[in-house]
Amino acid sequence: MSRFRAALVLLMLVGCAGGGDWVRPGMDQAAAGREYQDCRELADTAVKTDADIDQDILATRQSDWQRAGVVRTQTRVMHEQTRDRVAAIVDSCMKAKGYSQKR
């Protein structure tokens, strides 16, 4: 498994562990956790194609990037972009379901 895919899988698993401190009047934490999980699955599905494309790019260009010394930077940037996109999708999804985050 490539480093990028391993990092992406780890990010997704860590993100699935909790409910992200989302609250909605009349809903308990268990219900919020289920709703959050639904939104995480939606986000994971939405970014899967982009993550697969990024992995393919890294695999085909890895020797070029290693010689240029930017493979780690490019991997980190792709990872951060995927993480940010997942967070934005989850945030939008939870807000659409009537939740807000605890402060």
Side-chain angles (χ1 to χ4, degrees):
M1 185 180 290
S2 73
R3 285 185 208 155
F4 177 74
R5 182 163 297 264
L8 183 62
V9 168
L10 179 61
L11 172 70
M12 290 178 181
L13 290 174
V14 168
C16 292
D21 294 327
W22 290 94
V23 294
R24 186 171 110 188
M27 300 296 279
D28 63 12
Q29 279 303 110
R34 287 189 299 274
E35 297 279 10
Y36 181 80
Q37 182 61 35
D38 290 344
C39 290
R40 284 293 313 188
E41 289 172 7
L42 174 73
D44 293 346
T45 300
V47 301
K48 183 179 180 347
T49 300
D50 289 343
D52 289 347
I53 290 169
D54 290 344
Q55 179 183 343
D56 289 346
I57 290 169
L58 286 171
T60 59
R61 301 292 312 264
Q62 192 166 5
S63 63
D64 294 342
W65 287 342
Q66 284 176 339
R67 280 189 293 250
V70 296
V71 71
R72 286 188 183 133
T73 301
Q74 186 64 29
T75 300
R76 182 180 49 79
V77 167
M78 288 177 178
H79 173 73
E80 289 171 358
Q81 289 172 339
T82 300
R83 180 198 63 215
D84 293 347
R85 186 162 176 234
V86 166
I89 292 168
V90 169
D91 185 66
S92 178
C93 177
M94 290 299 284
K95 286 178 180 176
K97 291 176 181 249
Y99 285 86
S100 61
Q101 281 193 297
K102 292 181 194 176
R103 292 182 187 212

Grouping I, L, V, M, F, W and Y whenever their side-chain heavy atoms are under 4.5 Å apart, do L42 and Y36 come out in a common cluster?
yes
Pairs touching residues 84-95 that satisfy salt bridge (Lys or Arg N to Asp or Glu O under 4.0 Å), sequence neighbours left out
D50-R85, D91-K95
Close side-chain approach of D52 and K48, heavy atoms under 4.5 Å:
yes
Compare every heavy atom of W22 with every heavy atom of A32, then report the nearest pair and how far apart it is.
CB-O, 3.7 Å
Listed by chain and number, what are the side-chain contact (heavy atoms from CB on, under 4.5 Å) partners of A96, not counting sequence neighbours?
none
CA sep, side-chain torsions, deciding dist, call: R40, V90, side chain to side chain contact (heavy atoms under 4.5 Å, CB included):
CA-CA 6 Å; R40 284 293 313 188; V90 169; 3.7 Å; yes
So, for A46 and I89, which heavy atoms are closest and what is the spacing to 0.1 Å?
CB-CD1, 3.6 Å
Which residues pass the side-chain contact (heavy atoms from CB on, under 4.5 Å) test with E80, sequence neighbours left out?
R76, R83
Does anything in residues 23-37 form a salt bridge (Lys or Arg N to Asp or Glu O under 4.0 Å)? List the pairs, not counting sequence neighbours.
E35-K97
Would you confirm whether T45, through its side chain, and E41, through its main-chain N or O, come within 3.5 Å as a donor-acceptor pair?
yes
